[in-house]
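To start, the structure itself, in structure tokens.
Letters go in sequence order (proteins before strands), and every chain restarts at 1.
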There are 2 protein chains.
Amino acid sequence: MTPERPLRVLLADDEHLIRGALAALLALEEDLVVVAEAASGPEALAMALAHRPDVAVLDLQMPGADGVKVATSLRAELPDCRTMIVTSHGRPGHLKRALAAGVRGFVPKTVSARRLAEIIRTVHAGNRYVDPELAADAISAGDSPLTAREAEVLELAADGAPVAEIAERASLSQGTVRNYLSSAASKIGAENRHTAVRLARERGWV
Amino acid sequence: MTPERPLRVLLADDEHLIRGALAALLALEEDLVVVAEAASGPEALAMALAHRPDVAVLDLQMPGADGVKVATSLRAELPDCRTMIVTSHGRPGHLKRALAAGVRGFVPKTVSARRLAEIIRTVHAGNRYVDPELAADAISAGDSPLTAREAEVLELAADGAPVAEIAERASLSQGTVRNYLSSAASKIGAENRHTAVRLARERGWV
DNA sequence: GCCACCCCATGACGTTTGTCATGAGCAGTG
DNA sequence: CACTGCTCATGACAAACGTCATGGGGTGGC
């Protein structure tokens with residue numbers, strides 16, 4: 001069971017402070033070695049292709065491309081590389097997106113470094129790990145009751161744009177937009193579209 | 001100039017991963033010693049009172065009370081303790097609030113640990129340090145053009161509440177609320193109150 | 001082939017907003 | 001004291017929004 005070959009890890013996080021500190025802590029684990037670091041999505045991808053790590057530990061929010069996008073690309077271009085997401089704000093939607101992208105581990109940054117190391121090993125062994133708290137949130141949030149168009153229109157309404165603008169951007173008539181907005185809001189149980197957007201965001205439906 | 005007594009640091013961050021990693025990295029600096037760690041605002045305050053650090057390094061977003069609130073309390077209860085804020089999302093408003101609270105250092109988490117150590121020393125020496133990028137943002141954002149009431153009403157509008165509800169919560173007539181909302185939006189240059197809220201948030205005016 | 005469900009649209013209706021004019025009371029400033 | 005600026009209010013009008021009924025076209029299941 002003792003690994004003859006160390007477990008090669010890629011670390012991607014745009015916050016230098018955290019990335020560096022994390023690298024230092026993971027280096028204390030004898031069976032782990034950080035072979036590459038990246039500060040952005042594209043950089044993470046490039047580094048992964050260059051260094052072929054066993055596990056890629058990706059921050060969710062990075063400039064260029066977020067963790068899930070990187071994981072998706074990685075799955076296509078480097079299928080042997082397991083991916084996992086580490087994040088500060090664990091919202092249900094992110095978790096769903098991540099799992100759909102083939103991510104095998106999803107943990108909040110509130111775990112300890114030792115625990116993270118364990119999870120890296122778990123993921124490398126082919127198992128999955130999802131933070132229990134986050135999993136519970138995702139389950140309680142349930143599946144989105146919104147249809148594809150409802151979600152799309154709601155997303156376009158996110159920055160407070162008027163109906164006319166949404167209609168133009170979605171290539172729909174204004175009446176249709178209002179219908180979708182109305183039904184989306186009633187499904188969510190919101191008084192108006194703005195609170196609907198907020199709630200849908202929280203539940204990961206957009 | 002060589003410190004006979006090591007510089008005592010308090011570390012407060014709700015993300016265990018980061019806090020632990022940071023503590024490990026700062027421990028590598030010979031003249032620094034992390035005397036206490038905290039994972040929430042109230043805990044940070046309690047730890048500070050118990051261990052009387054020279055410098056308190058506070059994360060901006062923590063459960064219970066954010067970094068700036070802790071800094072304010074600390075200023076009152078432990079005037080000799082210098083405070084500094086470390087944050088992921090450096091928005092102009094936060095910086096302003098922090099400086100007003102007597103915080104002497106404000107840095108994003110994109111700096112390296114070595115750099116952070118330097119800044120801790122700078123702050124301890126009685127100087128101030130503000131990340132140049134953040135400072136530039138804050139200056140370009142300018143001062144808030146909003147009156148007290150305008151800002152208050154705008155804040156109540158933040159979660160998408162209808163005018164009637166805002167009026168009730170602010171104990172104002174609906175007409176007055178609409179007037180304030182209207183003038184606030186026009187000062188900010190927004191089409192409606194929702195984008196006004198968003199922009200005001202970004203610029204730190206609410 | 002019927003039925004359910006989504007997509008898209010239109011028209012109509014009442015409500016909510018945004019905007020403007022106007023004015024009173026009340027600071028602080030020159 | 002005159003002046004300026006903030007606060008709060010009212011009334012009125014146009015525009016934007018939310019809601020409902022209705023209908024045609026499409027896809028998938030039973």
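Looking at B/Glu118 and B/Arg114, no side-chain N of the basic residue comes within less than 4.0 Å of a carboxylate O on the acidic one, giving no salt bridge.
Remark: the backbone N or O of B/Leu146 is not paired with any side-chain donor or acceptor of B/Glu150 at under 3.5 angstrom.
The shortest heavy-atom contact between A/Met47 and A/Ala36 is CB-CB, 4.1 Å.
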(request) Show your working on salt bridge (Lys or Arg N to Asp or Glu O under 4.0 Å) between B/Arg169 and B/Asp159 and close with a plain yes or no. (result) CA-CA 13 Å; B/Arg169 289 213 267 171; B/Asp159 55 354; 3.7 Å; yes

(request) Starting at the 5' end of nucleotides 3-18 of chain C, put B wherever the base has a protein heavy atom under 4.0 Å, S where only the sugar-phosphate does, and a dash everywhere else. (result) ---SBBBB-B----BB

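Looking only at side-chain heavy atoms (C-beta outward), A/Val107 and A/Met84 come within less than 4.5 Å of each other.
Over its length, the helix from C/dG1-D/dC30 to C/dG30-D/dC1 turns its helix axis by 30°, as judged from the five terminal pairs at each end, rounded to 10°.
By the salt bridge (Lys or Arg N to Asp or Glu O under 4.0 Å) test, A/Arg121 pairs with A/Glu29, A/Asp31, sequence neighbours left out.
Within 6.0 Å of CZ in B/Arg201 there are 12 or fewer heavy atoms belonging to other residues, nucleotides or ligands.
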